[in-house]
Each structure stands twice: as C-alpha cells, then as structure tokens.
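One structure is given here, and the rest of the page talks about it.
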Amino acid sequence: QVQLVESGGGLVQAGGSLKLSCAASGSIVSISAMGWYRQAPGKQRELVARIPNRGSTNYADSVKGRFTISRDNAKNTVYLQMDSLKPEDTAVYYCHAEVRPTWYTREYDYWGQGTQVTVSS
C-alpha cells in the first residue's frame, strides 16, 4: 500500500506565498515522476507542475515564473513553492506520484487526498 500525504494548504492574500509538501510512504521500490494537480469548483483537474526522476520539470503556463516544484528523493517528498499567488489559483491541490510498489509489478498512479488553497483578493 502506498500513501501520499499532503500538507501546507491554507488561506492567503493575493500576492502571498504558500509551500505545499507531499510525502509518499509504504511499499515503494521506486518513484519516477511526482507532481501537483489542482481542481477548482466546476472545473476539470489540471496539471500544475511535474518533476520526473530525470529530465526537465514542466509547468502549466498559468503558473510559470511563480511556482517552483522540487523533490527530495531520499524522503520520497515533493514540494510546490507558490509565490505571487492570485485568486485564480484557488483550488484543491492534489499530489500525484508514479510509483513502482514491488519489483514484480509495473508503476501505478497514486494520489493524495487533496489540500485546499484559497487566495483572497
């Protein structure tokens, strides 16, 4: 069993900053990519940022230059530093990881429970 536990959401004024964390635990052989998605009320879930084990990170155009994704492989943890927040960043943010849980299986997608980020104007 693999669990992703998020923390760091909350309420912030426009222009402020928040840092989200997501720690993966359980049966983990390897984690390839980790990332953050978000879903605002009435909208589809969308990719915010993704960081592979190797290679370049990618960001949604709407957050480029404001958000920074990073990971600590030793801790199986991914972070999202969010600066210059805007009201349109308000959403539930979900952590995602592509995890290989045993040596004999393929990778599977795992999701966190979500953390609310609210940006007031």
Side-chain angles (χ1 to χ4, degrees):
Q1 189 74 6
V2 175
Q3 289 185 322
L4 301 182
V5 178
E6 300 134 335
S7 61
L11 173 64
V12 66
Q13 287 190 331
S17 298
L18 283 174
K19 186 173 184 177
L20 306 182
S21 301
C22 171
S25 62
S27 176
I28 298 172
V29 170
S30 62
I31 302 176
S32 55
M34 301 186 81
W36 291 93
Y37 289 71
R38 68 185 180 187
Q39 188 167 19
K43 294 188 177 181
Q44 288 188 331
R45 190 173 297 189
E46 63 175 359
L47 173 69
V48 176
R50 182 177 182 270
I51 182 168
N53 209 5
R54 293 184 183 87
S56 302
T57 57
N58 59 292
Y59 295 90
D61 287 343
S62 58
V63 307
K64 283 180 182 176
R66 300 188 298 120
F67 291 9
T68 303
I69 190 170
S70 61
R71 63 189 283 181
D72 183 334
N73 290 332
K75 296 181 179 179
N76 290 331
T77 299
V78 63
Y79 305 95
L80 185 68
Q81 177 66 44
M82 304 184 293
D83 298 318
S84 302
L85 282 160
K86 304 176 181 180
E88 51 263 44
D89 295 318
T90 296
V92 178
Y93 284 69
Y94 296 91
C95 175
H96 170 260
E98 298 167 15
V99 179
R100 189 177 183 186
T102 74
W103 289 108
Y104 308 106
T105 60
R106 62 173 175 86
E107 287 186 340
Y108 293 90
D109 291 325
Y110 291 89
W111 294 90
Q113 79 284 0
T115 185
Q116 178 70 44
V117 171
T118 303
V119 184
S120 63
S121 56

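Sequential numbering from 1 along the given sequence is applied to the chain's residues.
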Find the distance between [atom1] ([X]) and [atom2] ([Y]) and round it off to the nearest 0.5 Å.
X      : Y     : atom1 : atom2 : result
Gln116 : Glu6  : CD    : CD    : 12.0 Å
Ile31  : Asn73 : CD1   : CG    : 7.5 Å
Leu80  : Met34 : CG    : CE    : 12.0 Å
Tyr79  : Thr68 : OH    : OG1   : 14.5 Å
Gln44  : Gln39 : CD    : CD    : 8.0 Å

Could you state whether [X] and [Y] fall into the same hydrophobic cluster, counting links through intermediate Ile, Leu, Val, Met, Phe, Trp or Tyr residues with side-chain heavy atoms under 4.5 angstrom apart?
X      : Y      : value
Ile51  : Leu20  : yes
Met82  : Tyr37  : no
Val117 : Trp36  : yes
Tyr59  : Val48  : yes
Tyr94  : Tyr110 : no

For [X] and [Y], work out which heavy atoms get closest and say how close.
X      : Y     : result
Val119 : Thr90 : N-OG1, 2.9 Å
Val78  : Cys95 : CG1-SG, 3.8 Å
Ala14  : Pro87 : CB-CD, 4.1 Å

Ring pair (Phe, Tyr, Trp, His ring centres under 6.0 Å): pairs with one or both residues in residues 7-32, sequence neighbours excluded: none

Any donor-acceptor pair under 3.5 Å from Arg100 side chain to Val29 backbone: no

Aromatic plane relationship, Phe67 with Tyr93 - under 30° parallel, 30 to 60° tilted, over 60° perpendicular: tilted

Residue pairs, two or more places apart or on separate chains, that pass salt bridge (charged side-chain N to carboxylate O under 4.0 Å, His left out) and touch residues 23-40: Arg38-Glu46, Arg38-Asp89

side-chain hydrogen bond (donor to acceptor under 3.5 Å, both in side chains) pairs, two or more places apart, involving residues 12-33: Ser17-Asp83, Ser32-Glu98, Ser32-Glu107

Contact check, side chains of Trp111 and Arg45, non-hydrogen atoms, under 4.5 Å: yes

Worked verdict on Leu4 versus His96 for side-chain contact (heavy atoms from CB on, under 4.5 Å): CA-CA 8 Å; Leu4 301 182; His96 170 260; 5.6 Å; no

Steps toward side-chain contact (heavy atoms from CB on, under 4.5 Å) verdict (Val99, Asn76): CA-CA 10 Å; Val99 179; Asn76 290 331; over 6 Å; no

